[in-house]
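Have a look at the structure below, then the notes.
Within every chain, numbering begins at 1; the chains are lettered A, B, ... in the order of the sequence lines, protein sequences first and strands thereafter. Heavy-atom basis, side chains included; hydrogens, waters and symmetry copies ignored.
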Amino acid sequence: MDHGSIEREIRIDAAPEVVFDVVSNPEHVEQWWPDGARYDPTPGSTGEIVFTTPSGERAPTGFEVVDAIPPRRFAFRWTQPPGEPARADNSFLVIFELTPAGDGTLLRMTETGFRERGWDDAKVAAEHADHVSGWDHFLPRLTAYLGRLGARR
Amino acid sequence: MTAAVDDRLWSAIGDPTRRRLLYLLLACGPSTATGLSAQVPVTRQAVTKHLVVLDRAGLVRSASAGRERRYEVDAAQLARAAAQLNSVGAAWDARLQRIKRLAEAIQRSKR
């Protein structure tokens, strides 16, 4: 179980072929995410996506295509320094899975990799850790705690 | 944008033992490595290492208490961590809404 992951699901009134193109083709990706995207949407290809910082600077980050199975699955790694190979400890893995749903598509997105970043000797201790200390347990409590803090102010 | 997330904060809070220690400090109030190690299945030395990581990320504050250091949660930094966790999810929600609008517009233009 990976607690450091984000999962989302969304129903889209468009065919899986169309949705696949939107999540994988750099020209479309630029429309919904970075300010620039330069990569070949085939497995193993590397490139970069570029964001513009609030101060107007160009901030490129590495982008590596892991899987491209039209119109079912598109996966990539990002946040590695541009030009460096993507690894579990320097990048996030994003997986798009597409399932036909009526005349539309169910798009499922998973992003993992938060837990592995900066992962060190704590790994040994983590193996003994109580399973209830996962995100699902932690976040509601944290939110409740912060709510209490807010109420006190 | 996920890349803006503070790596040190993420790795500090990403570990289950460190989250457990944060809980204990939240639930039971300030404590020392010795006090905390009685409540987790790791040694006092391991607890100390984890507390140092939490301290470096600013999630806890420490003060000298006799021969040990006494740790407490830094509420402001913890709030920042929670906001970042939420913002990553919120960022994806917004991206997926844009994917939906774009795909549906392309589909309509084809019909």
Review point. Could A:Glu17 and A:Arg72 be called an ion pair, given the rule that one side-chain N must be under 4.0 Å from one carboxylate O?
Key: no

Review point. For chain A, which of B:Leu102, B:Ile106, B:Thr43, B:Val40 has the most heavy-atom pairs under 4.5 Å?
Key: B:Leu102

**Study point:** Per-residue contact mode, A:Val29 against chain B (heavy atom under 4.5 angstrom)
**Key:** neither

Review point. Who wins among A:Asp21, A:Val22, A:Val19 for the most heavy-atom pairs under 4.5 Å with chain B?
Key: A:Val22

**Study point:** Basic-acidic side-chain contact under 4.0 Å: A:Arg11, A:Asp13
**Key:** yes

Check your understanding: Looking at the rings of A:Phe63 and A:Tyr39, which for Trp means the six-membered one, are their centres under 6.0 Å apart?
Key -> yes

Point to revise | Salt-bridge contact A:Arg77-A:Glu64 (side-chain N to carboxylate O under 4.0 Å) | key: no

